[in-house]
Amino acid sequence: LSGTDLSNLAWAIAKYEGENHDAYSLSITRWIADQALQRTKNNLLLGIFQPPELGRIMWAIALTASTHASALEDATGQSTSSIFLSRQALKVASENLTLFSTEALVRIAWAHLEINESDLSSLNSFETMALGKILAAAEHSLHRWERVDFAKDVSSAESHSESPLFSTFF
């Protein structure tokens, strides 16, 4: 399966509303995360997934894991593949802000926090800085939208670490 196929499959599993398929949904989603992570050994993450696909697959993995794992008595938390994949996605997104839409950036940030069970104390300094950059870029995009400034460039002349959001969030 290609990166597009994995992303679409993860999205379909996350959106599926059938009954009594929690174990299957979680198992397939963990397999998708394993496959995606395995492919990063030979390829860059952005060589496997386009930025919108990366945002979509991370959102789908986090959503499926968070909604289905709680329904399973034998679920033992997040798979390590999901955790490592979310870290790689966060790193790629924070280092390539201009390639990602605001929606994809926010999906990746949310997925990373959801997969890490929103435990900010478990984040290392790189993850904290990467989340700050992503959330500052999202904040900047919202300010541009409020001013009806639809310029394509999401990069800002101001430092992301000087953003009010960065300092209040962290």
Side-chain angles (χ1 to χ4, degrees), residues 1-17 25-26 28-69 78-120 122-124 126-145 150-156 160 163 165-166 169-170:
L1 297 174
S2 70
T4 301
D5 294 334
L6 289 173
S7 177
N8 289 338
L9 179 58
W11 181 84
I13 296 294
K15 295 297 279 182
Y16 179 71
E17 295 181 6
S25 296
L26 193 58
I28 293 168
T29 300
R30 286 182 173 177
W31 177 84
I32 291 167
D34 290 343
Q35 291 298 306
L37 187 62
Q38 194 173 61
R39 291 165 192 221
T40 63
K41 292 177 182 174
N42 299 324
N43 299 296
L44 296 173
L45 200 54
L46 286 179
I48 301 166
F49 299 101
Q50 296 296 315
E53 295 169 345
L54 185 57
R56 186 171 38 251
I57 194 170
M58 293 314 307
W59 171 85
I61 289 169
L63 180 71
T64 302
S66 67
T67 57
H68 293 295
Q78 298 293 343
S79 74
T80 55
S81 294
S82 298
I83 293 168
F84 289 121
L85 186 62
S86 76
R87 286 181 183 151
Q88 286 189 15
L90 187 70
K91 180 180 189 301
V92 166
S94 70
E95 292 173 352
N96 299 282
L97 293 173
T98 58
L99 297 179
F100 288 84
S101 68
T102 302
E103 179 181 3
L105 289 172
V106 172
R107 282 180 173 182
I108 290 168
W110 176 82
H112 186 73
L113 290 170
E114 188 66 25
I115 287 170
N116 286 286
E117 298 175 356
S118 299
D119 183 7
L120 296 178
S122 71
L123 301 178
N124 64 35
F126 172 78
E127 291 169 310
T128 304
M129 291 298 289
L131 281 168
K133 285 174 69 174
I134 289 172
L135 295 175
E139 177 192 39
H140 186 259
S141 176
L142 288 172
H143 287 298
R144 281 193 344 260
W145 180 78
F150 299 112
K152 296 285 184 194
D153 184 17
V154 297
S155 61
S156 166
H160 293 295
S163 165
L165 178 63
F166 181 84
F169 187 78
F170 298 102

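In this text the structure is predicted, and so the values were computed from the model without any measurement.
- Among all heavy-atom pairs drawn from T29 and I13, the shortest one is OG1-CG2, 3.4 Å.
- Atoms CD and CG, from E95 and L90 in turn, are 9.5 Å apart once rounded to the nearest 0.5 Å.
- The 12-atom threshold is not exceeded at CH2 of W11, counting heavy atoms of other residues, nucleotides or ligands nearer than 6.0 Å.
- For L45, the side chain to side chain contact (heavy atoms under 4.5 Å, CB included) partners at least two apart in sequence or on another chain are T40, F49, L54, L85, Q88, A89, V92.
- Side-chain atoms of S7 do not come within 3.5 Å of backbone N or O of G3 as any donor-acceptor pair.
- Residues S25 and T64 come closest through the heavy atom pair O-CG2, 3.8 Å.
- Within the 4.5 Å cutoff, the side chain of Q35 has no heavy atoms near those of the I48 side chain.
- Under the side chain to side chain contact (heavy atoms under 4.5 Å, CB included) criterion, S86 pairs with M58, H112, I115, N116, not counting sequence neighbours.
- Considering only residues two or more places apart in sequence or on other chains, D5 meets the side chain to side chain donor-acceptor pair (under 3.5 Å) condition with S2.
- No more than 12 heavy atoms of other residues, nucleotides or ligands sit less than 6.0 Å from atom CG of L44.
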Let me have the donor-acceptor pairs involving side chains of residues 103-110, under 3.5 Å, with sequence neighbours excluded, atom names and distances please.
residue	atom	partner	partner atom	Å
E103	OE2	R107	NH2	2.9

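- Taking each heavy atom of A33 and S82 in turn, the nearest pair found is CB-OG, 3.7 Å.
- The two residues L37 and S81 come nearest to each other via the heavy atoms CD2-CA, 3.7 Å.
- Residue pairs meeting the side chain to side chain donor-acceptor pair (under 3.5 Å) criterion with at least one partner in residues 43-52, sequence neighbours excluded, do not occur; the list is empty.
- Scanning both residues, A65 and L26, for their nearest heavy atoms gives CA-CD1, 3.8 Å.
- Note: L6 CG to W31 CH2 = 6.0 Å, rounded to the nearest 0.5 Å.
- Sorted by first and then second residue, the salt bridge (Lys or Arg N to Asp or Glu O under 4.0 Å) pairs involving residues 43-61 (not counting sequence neighbours) form an empty list.
- How far CG of L46 is from CG of L99: 6.5 Å, rounded to the nearest 0.5 Å.
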